[in-house]
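The shown structure was predicted, so the numbers you read here are calculated from the model rather than taken from an experiment.
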Amino acid sequence: MSLPELVEKAYASLADQPSHTPTQIAAVKTLLELYIGTFLLKDYEVTYRLVHPDYKQHDPLVGDGRQSIIDVSSVMEKMTAELTGKPAGLPEIFFKRVLVDGEFIFVHIHALRWPGDRGIAVMDLFRFQNGVFTEHWDVIQPVPEESGNSNTMF
C-alpha cells in the first residue's frame with residue numbers, strides 16, 4: 001500500500017471522537033502521514049518535509065530539531081531490542097483518537113513493539129503551524145497485565 005492509501009486507511013479507522021472540519025481533517029491526515037512515513041515506512045524524507053527545522057521537543061530522551069523524531073524511532077528500536085534480546089521489527093501502531101484544537105493536535109495511540117507485546121499507550125501533543133509540526137510533548141505508559149478497573153486504556 002502507498003503512503004496516501006495507508007493514511008486514508010488509518011483515518012477511516014478512527015472512532016470515539018468528535019467529527020473533524022475539513023481543515024482539521026487535513027491536519028489529522030498530515031499527522032498520520034508523519035507517523036506512518038517515519039515509524040512504519042522509515043521514509044525520513046516525509047519527516048523532513050513535515051517537521052520544522054527548529055522543531056521543539058519536550059521528550060527528555062531526545063534533543064530538539066527535526067532529527068529528534070528520527071532519533072525517537074532509533075531509541076524505541078534500541079529499547080525493544082534490549083527488552084526482547086532480538087532485533088526490533090516494525091511496530092504496529094493503532095490510532096485511537098486524533099483531536100484538533102487550533103494549532104494543537106492530540107493523538108492517542110496503542111503501539112505494539114513486538115509480537116505478543118501488550119504495548120504502550122502513547123499520548124502525543126503537537127503544535128502544527130503553517131503545514132509543519134513545530135513542537136511536541138508526550139506521555140508514554142506501558143499497558144499493564146492487570147487493571148484496577150474493567151475499562152481499557154483505549
[X] with [Y], same ILVMFWY side-chain cluster at under 4.5 Å:
{"X": "V62", "Y": "M79", "answer": "yes"}
{"X": "V72", "Y": "I140", "answer": "yes"}
{"X": "L3", "Y": "M1", "answer": "yes"}
{"X": "F94", "Y": "L32", "answer": "no"}
{"X": "I120", "Y": "L90", "answer": "no"}

Atom CG of residue position N151 - does it have more than 12 heavy atoms of other residues, nucleotides or ligands inside 6.0 Å? yes
For atom CD of E82, is the number of surrounding heavy atoms from other residues, nucleotides or ligands below 6.0 Å larger than 12?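 Yes, CD of E82 has more than 12 neighbouring heavy atoms, counting only those of other groups under 6.0 Å.
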Take S2 and E5 through the side-chain hydrogen bond (donor to acceptor under 3.5 Å, both in side chains) test and state the conclusion after the steps. CA-CA 5 Å; S2 69; E5 290 170 326; 3.2 Å; yes
Give the C-alpha distance, both sets of side-chain angles, the deciding distance and a yes or no for side-chain contact (heavy atoms from CB on, under 4.5 Å) between V46 and L41. CA-CA 10 Å; V46 171; L41 301 179; over 6 Å; no
The reported gap from NZ in K56 to NE2 in H58 (rounded to nearest 0.5 angstrom) is 5.0 Å
Measuring from atom CG of D64 to atom CD of E135, what distance do you get when rounded to the nearest 0.5 angstrom? 9.0 Å
Set of side-chain hydrogen bond (donor to acceptor under 3.5 Å, both in side chains) partners for T152, sequence neighbours left out: none
Which Ile, Leu, Val, Met, Phe, Trp or Tyr residues join [X] in one cluster when any pair of side-chain heavy atoms under 4.5 Å counts as a link?
{"X": "F104", "value": "L99, F106, M123, L125, W137"}
{"X": "L83", "value": "W114"}
{"X": "F154", "value": "V143, M153"}

Quick one: salt bridge (Lys or Arg N to Asp or Glu O under 4.0 Å) partners of K29, sequence neighbours excluded?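 Applying salt bridge (Lys or Arg N to Asp or Glu O under 4.0 Å) to K29 gives E8.
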When you compare the side chain of P91 with that of D117, does any pair of heavy atoms fall below 4.5 Å? no
Restricting to non-hydrogen atoms, name the atom on [X] and the atom on [Y] that form the minimum distance, rounded to 0.1 Å.
{"X": "L34", "Y": "L50", "value": "N-CD1, 3.8 Å"}
{"X": "R49", "Y": "V132", "value": "O-CG1, 3.7 Å"}
{"X": "R97", "Y": "Q17", "value": "CA-OE1, 3.2 Å"}
{"X": "T21", "Y": "Q24", "value": "N-OE1, 2.9 Å"}
{"X": "Q57", "Y": "S68", "value": "NE2-OG, 3.3 Å"}
{"X": "G119", "Y": "L112", "value": "CA-CD2, 3.7 Å"}

Salt bridge (charged side-chain N to carboxylate O under 4.0 Å, His left out) evaluation trace for D16 with K96: CA-CA 8 Å; D16 190 28; K96 299 300 183 176; over 6 Å; no
Is there a donor in the side chain of [X] and an acceptor in the side chain of [Y], or the other way round, less than 3.5 Å apart?
{"X": "D59", "Y": "H136", "result": "no"}
{"X": "S73", "Y": "K42", "result": "yes"}
{"X": "E33", "Y": "T30", "result": "no"}

Using side-chain contact (heavy atoms from CB on, under 4.5 Å), reason through F126 and T134 one step at a time and then give a plain yes or no. CA-CA 7 Å; F126 291 90; T134 60; over 6 Å; no
Check the pair L14, V28 against side-chain contact (heavy atoms from CB on, under 4.5 Å), reporting the backbone distance first and the verdict last. CA-CA 10 Å; L14 296 174; V28 170; 4.1 Å; yes
Tested for side-chain contact (heavy atoms from CB on, under 4.5 Å) against I93, the lone hit among V107, I36, V122, I109 is I109
Determine, stepwise, if the pair F128 / L31 fulfils side-chain contact (heavy atoms from CB on, under 4.5 Å). CA-CA 9 Å; F128 185 64; L31 177 89; over 6 Å; no
Under 3.5 Å donor-acceptor, R66 side chain and V51 backbone: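 The answer is yes, because a donor-acceptor pair under 3.5 Å joins these two groups.
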Applying ring-ring contact (aromatic ring centres under 6.0 Å, His included) as the test, list every pair that has at least one member in residues 36-55; sequence neighbours left out.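 Output for this query lists Y35-F39.
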